[in-house]
Amino acid sequence: MSTSQSCYIKPFFIVLFAVMYTLPMASQSTINYSTSSRPTSDAGMEAVANFMTRRNPSNDFLFNNVRNGEVAVDWKKANGSPYLNENFAPCTLYSNKELLGSFFFRYNAYNDELELKESLNDPQVSSLIKDNQFRLSDGSGTYMYVTLVSKKNEHSEGYLNLIVPGDRFKLFRKDFVKFKKGAAAANSMVKSTPDKFTNFAEYYYADNNDQNQKAYILENNLKNFLNSLKKEERGKIKSIIKEQNINTKKEADLIVLFKSINTL
């Protein structure tokens, strides 16, 4: 999709306004229906009106530190980045099964937010409302807002990237970015350390037979995943791991494993 396709306003565009109860300001959203399907349901139209909130991403990191009682920093001067990729990439956005339009996005893994633009030249950056009705696809993966279950059975919510869809099991990656404040040198014999962002990932699985629609953390030894299955299924999966020499600590091997499992 070209930039010109997504940013010019034509007479038959719909411009929708909404005041979000979760944030003090809402964005004006313009959807290009010459390149996207117009929502056909009332729910779809309402979703379009409410899916973005206006914000200033460059200030979010500073405000987050203030709220946490930390010293505000300029994240652009820190090593690393709160983003997986600071460049905006093309994507399509859906509300449930309904196409909302084509946009450009980047994932702020530090704040766990999907940031959207209507075109690459658009100075306005908005944040996608965190709601499980929305999913965003960039061709290589699909971001979904999901209920997460930890090893201690603690529940939280966040964005997961669907990397293996399947009729039975889904495999997700959860990307994290942590921030560590740097320290000034105590004396001339010691080097100062810069502020730093560090990336890491966790993997989650979901069973399509589970009516709760939750994603469970996938431990390196797959113990919790295997224990959730019937004895016969466990045996088949263990055979796949052994026969294909699967290293369950590697993403590429987990992808191979879950694709194989979904063929059983």
Would you check if [X] and [Y] make a side-chain contact, meaning some heavy-atom pair closer than 4.5 Å?
{"X": "N161", "Y": "F172", "value": "no"}
{"X": "Y216", "Y": "V149", "value": "yes"}
{"X": "V125", "Y": "L116", "value": "no"}

Next item on the list: For the pair F103 and F88, evaluate ring-ring contact (aromatic ring centres under 6.0 Å, His included) and give the outcome as yes or no after the intermediate values.
Entry: CA-CA 9 Å; F103 299 89; F88 283 83; over 10 Å; no
Note to self: Are more than 12 heavy atoms, taken from residues, nucleotides or ligands other than Q213, located less than 6.0 Å from that residue's CD atom?
What the structure shows: no
Margin query: More than 12 heavy atoms of other residues, nucleotides or ligands under 6.0 Å from CG of N209: yes or no?
Written below: yes
Within the side chain of [X], is there an N or O that forms a donor-acceptor pair under 3.5 Å with the backbone of [Y]?
{"X": "K117", "Y": "F104", "value": "no"}
{"X": "T193", "Y": "A183", "value": "yes"}
{"X": "N96", "Y": "E98", "value": "no"}
{"X": "N224", "Y": "I217", "value": "yes"}
{"X": "D195", "Y": "K181", "value": "no"}
{"X": "N111", "Y": "E113", "value": "no"}
{"X": "T248", "Y": "N220", "value": "yes"}
{"X": "K196", "Y": "G80", "value": "no"}
{"X": "E233", "Y": "K230", "value": "yes"}

For [X] and [Y], which I'm curious about, is there any donor-acceptor pair between the side chains at under 3.5 Å?
{"X": "D138", "Y": "S140", "value": "yes"}
{"X": "Y107", "Y": "D112", "value": "yes"}
{"X": "S127", "Y": "E115", "value": "no"}

What pair of heavy atoms forms the shortest contact from [X] to [Y], and how long is it?
{"X": "L99", "Y": "L93", "value": "CD1-O, 3.6 Å"}
{"X": "R106", "Y": "N87", "value": "CB-O, 4.0 Å"}
{"X": "N262", "Y": "D167", "value": "OD1-N, 4.1 Å"}

At what distance, to the nearest 0.5 angstrom, does [atom1] of [X] lie from [atom2] of [Y]?
{"X": "L136", "Y": "F105", "atom1": "CG", "atom2": "CZ", "answer": "5.5 Å"}
{"X": "I237", "Y": "E232", "atom1": "CD1", "atom2": "CD", "answer": "11.0 Å"}
{"X": "R234", "Y": "S239", "atom1": "CZ", "atom2": "OG", "answer": "13.0 Å"}
{"X": "I261", "Y": "L229", "atom1": "CD1", "atom2": "CG", "answer": "7.5 Å"}
{"X": "S126", "Y": "L114", "atom1": "OG", "atom2": "CG", "answer": "12.5 Å"}
{"X": "K180", "Y": "N79", "atom1": "NZ", "atom2": "CG", "answer": "12.0 Å"}

Check: Is the gap between the ring centers of Y110 and F176 under 6.0 Å?
Finding: no
Note to self: Name the residue from M144, R173, R135 that meets the side-chain contact (heavy atoms from CB on, under 4.5 Å) definition with L162.
What the structure shows: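 Of the listed residues M144, R173, R135, the side-chain contact (heavy atoms from CB on, under 4.5 Å) partner of L162 is M144.
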Next item on the list: Verify ring-ring contact (aromatic ring centres under 6.0 Å, His included) between F258 and F225, making sure each step is shown before the conclusion.
Entry: CA-CA 11 Å; F258 271 79; F225 170 61; 5.2 Å; yes
